[in-house]
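It should be emphasised that the depicted structure is a prediction, and the values quoted were computed from it without experimental measurement.
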Amino acid sequence: MIAGADPARRLLLDTHTLVWSMNNNPKLGLRAMEAIRLAYRKKCALVSAITPWEIGLLVSKARLQLGDDVMQWISAAMAVPGVTLAPLEPEIAVASTRLPWEMHPDPADRILVATARHLGATLVTADRALLEMAQKGHFKAMDATV
């Protein structure tokens, strides 16, 4: 479990949300940006251990361009004050295979959801399918575009 910050204030950044916040992408909504900045200040911003894998995969498939070596970019993102890496604990890995509702098989999304549930964090995402699942009460989420 992540020590320190109040679980009610923890924000887990979806992969695209982390990329948008690091690149000042206008797709990131003002409300989400302010919530993320507050989470940085309160040391409540989390990045899942699956996120570096997903970023590396997207870069290797030329679906994401960072303008920097992927490992340097990830190191810079993880060095932002207030950001903590949420480890992929065995409980999270197994929980991602046992979600109590129907979910698509994307391993990164499943691990993000399981991580948010395990840590009591709010997932900041623009993924419509994930936001719909959160609206049904399966986990907490915030729309990254508002």
Side-chain angles (χ1 to χ4, degrees), residues 1-59 63-64 66 68 70-146:
M1 196 65 122
I2 305 288
D6 174 4
R9 296 183 181 192
R10 291 183 186 147
L11 295 184
L12 178 64
L13 307 183
D14 198 342
T15 301
H16 58 272
T17 305
L18 176 64
V19 172
W20 292 353
S21 69
M22 290 293 294
N23 295 341
N24 295 315
N25 189 312
K27 290 180 183 178
L28 186 62
L30 291 176
R31 183 173 151 255
M33 184 173 40
E34 285 304 315
I36 292 167
R37 287 182 183 156
L38 179 61
Y40 288 157
R41 286 194 301 275
K42 300 281 186 178
K43 298 181 179 20
C44 296
L46 303 171
V47 173
S48 170
I50 199 70
T51 296
W53 172 83
E54 188 173 23
I55 289 171
L57 186 64
L58 292 170
V59 169
R63 291 181 51 205
L64 175 63
L66 299 173
D68 203 352
V70 69
M71 197 59 234
Q72 289 176 338
W73 190 95
I74 290 168
S75 293
M78 295 312 304
V80 170
V83 172
T84 302
L85 183 67
L88 181 50
E89 298 174 4
E91 296 86 358
I92 294 170
V94 171
S96 76
T97 70
R98 296 178 175 172
L99 296 171
W101 68 90
E102 195 64 35
M103 185 171 167
H104 60 272
D106 180 297
D109 283 354
R110 295 179 75 85
I111 289 172
L112 283 166
V113 167
T115 301
R117 287 170 52 95
H118 183 73
L119 299 176
T122 299
L123 178 63
V124 185
T125 185
D127 185 313
R128 292 288 147 217
L130 295 178
L131 290 168
E132 286 176 19
M133 284 178 230
Q135 285 179 342
K136 294 177 181 174
H138 298 303
F139 58 96
K140 295 180 282 185
M142 170 188 287
D143 189 337
T145 65
V146 294

What distance separates Thr115 OG1 from Glu91 CD, expressed to the nearest 0.5 Å?
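Between atom OG1 of Thr115 and atom CD of Glu91 there are 11.0 Å.
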Spacing of Asp109 atom CG and Met133 atom CE [to the nearest 0.5 Å]
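With rounding to 0.5 Å, CG (Asp109) is 7.5 Å from CE (Met133).
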Kindly determine whether Thr51 and Met78 satisfy side-chain contact (heavy atoms from CB on, under 4.5 Å), including the steps that lead there.
CA-CA 11 Å; Thr51 296; Met78 295 312 304; over 6 Å; no
Please assess Glu89 against His118 for the test side-chain hydrogen bond (donor to acceptor under 3.5 Å, both in side chains), listing each intermediate value before the final yes or no.
CA-CA 10 Å; Glu89 298 174 4; His118 183 73; 3.0 Å; yes
Treating Asp143 as the side-chain partner and Thr145 as the backbone partner, does any N or O pair qualify as donor plus acceptor under 3.5 Å?
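Present.
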Tell me, do Arg117 and Leu99 make a side-chain contact under 4.5 Å, heavy atoms counted?
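Counting from C-beta outward, Arg117 and Leu99 do come under 4.5 Å.
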With a 4.5 Å heavy-atom cut-off, do Met33 and Thr17 have their side chains touching?
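Heavy-atom side-chain distance check fails, nothing below 4.5 Å.
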Let's go through Trp101 and Lys136 carefully: what are the C-alpha distance in whole Å and the side-chain angles of both, what is the deciding distance for side-chain contact (heavy atoms from CB on, under 4.5 Å) to 0.1 Å, and is it a yes or a no?
CA-CA 10 Å; Trp101 68 90; Lys136 294 177 181 174; over 6 Å; no
With Leu112 as reference, evaluate Ile50, Leu13, Thr125 under the side-chain contact (heavy atoms from CB on, under 4.5 Å) test and give the passing residue.
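When Ile50, Leu13, Thr125 are each tested with Leu112, the side-chain contact (heavy atoms from CB on, under 4.5 Å) holds only for Ile50.
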Verify the neighbour count for atom CZ of Arg63: are there more than 12 heavy atoms of other residues, nucleotides or ligands below 6.0 Å?
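No, CZ of Arg63 has 12 or fewer neighbouring heavy atoms, counting only those of other groups under 6.0 Å.
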Check step by step if side-chain contact (heavy atoms from CB on, under 4.5 Å) holds for Thr84 and Arg10.
CA-CA 10 Å; Thr84 302; Arg10 291 183 186 147; over 6 Å; no
Is any side-chain N of the basic residue among Glu34 and Arg37 closer than 4.0 Å to the acidic one's carboxylate O?
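Here Glu34 pairs with Arg37 in a salt bridge, since their nearest N and O are under 4.0 Å apart.
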Derivation and outcome, side-chain contact (heavy atoms from CB on, under 4.5 Å), residues Ile111 and Leu88
CA-CA 8 Å; Ile111 289 172; Leu88 181 50; 3.7 Å; yes
